[in-house]
Amino acid sequence: MAVLTAAKAGSRSASRFWTVRRRDNLVGYLLIAPQLAGSVLFVLLPLALVGWFSLNEWNVLAGTFEYVGLDNYARLAADPALRDSLTATAIFSAGLVTLNLTLALLLAVLLNQKLRGTVVFRALFFSPVLVSLVAWTIVWQFLLQPNGGINALFGGGPNWLRGSGTAMLSVIVVQVIKNVGLNMVLFLAALQGVPKQLYEAAQLDGAGAWTRFRRITVPLISPTILLTSIITVVGSLQVFAQIAVLTQGGPGTSTTVLVYYLYQQAFPFHHFGYGATISVLLFLIVGALTLVQWRMRRKWVHLET
């Protein structure tokens, strides 16, 4: 009898503990557990390991792993090649972001018109996004050779990938053509959400096309502009395959962007600790630029206060 009474008391206690709210919370935790585990294993843990490796000098060939403290960071601050790499990264990012966003918005405005063939052109401009990055870059490497497709078509031209004034421009243009379709689709979706009545009312008031674009279109799609700018800036700072295939960082160090310099230090030169230190710097740059864009949204993004 005492055992039965104790069992009933335990059952009542368990039922009081497992309330509806706690059961719902448990279901929610179980549903996010796979994503949370993946984030910990593949994001947070690698970030922590990179921070630890940056405090050590790891030579795989010699089999040594030596704690050096902040020596790698001191070397980073005094590295003259790093300044060249940061300059190349800034040039590439500025050119890519400016051309990509401008061209994507222009294409979206044009393809938002009710004209014959717009569906075909939308698919045409978006199709490079679906192509393998390495395959796309290899094709453009052939097209940009001194005797390749473009120069052969026009009967001559510069050495696009080896000229000091054309190598960076070539890489930027190749990347813009590859990814402009993604931002175009995002802008196109935003444009289709702008109420037509606003354009009609503005047109009745005598507003021209440029005024309607500046006063109606840009403010109402400004959240999408923020999203695409963040995505494009972060992507521009992570470019690697295009540089590795097209220019290998040359001529000289004119296209040696930060990620490619990181690769050179970590793998060909086997300075894994220093490469991890450059990774930390890249992480801080990406985080800082993203934070700046996010904080500045209050000044120009519509409905942000």
Side-chain angles (χ1 to χ4, degrees), residues 42-54 58 60 72-73 75-100 129 131-138 140-141 144 161-162 164 167-180 182-183 228-293:
F42 300 110
V43 178
L44 298 181
L45 181 59
L47 285 175
L49 289 176
V50 167
W52 169 245
F53 291 152
S54 70
W58 183 12
V60 178
N72 284 326
Y73 290 92
R75 174 184 173 184
L76 187 70
D79 189 355
L82 178 66
R83 290 190 286 272
D84 296 337
S85 178
L86 290 174
T87 301
T89 303
I91 294 173
F92 178 84
S93 298
L96 177 67
V97 172
T98 302
L99 289 177
N100 192 310
V129 178
V131 178
S132 167
L133 176 60
V134 175
W136 173 267
T137 309
I138 291 175
W140 275 97
Q141 183 187 33
L144 295 173
L161 300 178
R162 293 295 177 263
S164 58
M168 179 63 79
L169 177 61
S170 300
V171 177
I172 291 174
V173 170
V174 169
Q175 183 66 5
V176 167
I177 299 175
K178 174 72 172 67
N179 287 332
V180 71
L182 178 60
N183 286 340
T228 54
S229 66
I230 291 176
I231 293 174
T232 309
V233 168
V234 173
S236 69
L237 295 172
Q238 298 176 341
V239 62
F240 171 75
Q242 300 87 329
I243 301 295
V245 174
L246 292 176
T247 65
Q248 295 81 47
T253 59
S254 61
T255 60
T256 304
V257 295
L258 194 59
V259 175
Y260 192 76
Y261 185 61
L262 184 161
Y263 159 78
Q264 288 179 322
Q265 294 296 322
F267 295 99
F269 302 155
H270 301 288
H271 299 153
F272 285 93
Y274 190 54
T277 308
I278 300 174
S279 298
V280 173
L281 174 63
L282 177 63
F283 175 77
L284 294 176
I285 292 174
V286 171
L289 290 178
T290 303
L291 180 62
V292 168
Q293 292 179 87

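Side-chain contact between Leu144 and Val174 is present, with heavy atoms from C-beta onward closer than 4.5 Å. Two residues are said to be in side-chain contact when any heavy atoms from C-beta on lie closer than 4.5 Å; Val239 and Val259 fail this criterion. Using a 4.5 Å cut-off on side-chain heavy atoms (C-beta onward), Val257 and Val171 make no contact. For the pair Leu289/Leu237, a side-chain contact is recorded, criterion being any heavy-atom separation below 4.5 Å from C-beta on.
In this structure, Leu76 CG and Gln265 CD are separated by 10.0 Å, a value rounded to the nearest 0.5 Å. Between the OG atom in Ser132 and the NZ atom in Lys178 there is a gap of 7.5 Å [rounded to 0.5 Å]. Distance CD1/Ile243 to OG1/Thr137: 9.5 Å, rounded to 0.5 Å. To the nearest 0.5 Å, atom CG of residue Leu86 and atom CD1 of residue Ile91 are 11.0 Å apart. Taking CG of Asp79 as the reference point, atom CG of Asn72 lies at 11.0 Å (rounded to 0.5 Å). One distance of note links CD1 of Ile278 with CG of Leu82; it measures 6.5 Å at 0.5 Å rounding.
Shortest non-hydrogen contact noted between Leu99 and Ile172 is CD1-CG2, 3.9 Å. Closest non-hydrogen pair, Gln242 versus Leu133, comes out as NE2-CD1, 3.5 Å. A pairwise comparison of heavy atoms in Leu161 and Ser170 identifies CD2-CB, 4.0 Å as the closest pair.
A donor-acceptor pair is defined here as one N or O able to donate and one able to accept, closer than 3.5 Å; such a pair exists between the side chain of Ser54 and the backbone of Gly51. No side-chain donor-acceptor contact under 3.5 Å links Trp140 to the backbone of Gln175. In this structure, Thr255 contributes its side chain and Gly250 its backbone to a donor-acceptor pair below 3.5 Å. Within the 3.5 Å criterion, the main-chain N or O of Gly273 finds a donor-acceptor partner in the side chain of Thr277. Counting only distance, with no hydrogens or angles, the side chain of Ser236 and the backbone of Ser93 share no donor-acceptor pair below 3.5 Å. Formation of a donor-acceptor pair under 3.5 Å by the Ser85 side chain with backbone atoms of Ala81 is not found in this model. A donor-acceptor pair under 3.5 Å is absent between the side-chain atoms of Thr247 and the main chain of Ala167, judged by distance alone.
The 12-atom threshold is exceeded at CZ of Phe240, counting heavy atoms of other residues, nucleotides or ligands nearer than 6.0 Å.
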(message) Run the side-chain contact (heavy atoms from CB on, under 4.5 Å) test on Thr290 and Val233 for me, step by step, so that the C-alpha distance in whole Å, both residues' side-chain angles and the decisive distance to 0.1 Å come before the verdict.
(response) CA-CA 8 Å; Thr290 303; Val233 168; over 6 Å; no
(request) Could you give me the CA-CA distance, side-chain angles and deciding distance for Asn179 and Asn100, then say whether side-chain contact (heavy atoms from CB on, under 4.5 Å) is met? (result) CA-CA 8 Å; Asn179 287 332; Asn100 192 310; 4.2 Å; yes
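Relative orientation of the Trp58 and Phe53 rings is tilted, given thresholds of 30° and 60° on the angle between their planes. Aromatic ring orientation, Tyr274 versus Tyr261: perpendicular (interplanar angle above 60°, classes split at 30° and 60°).
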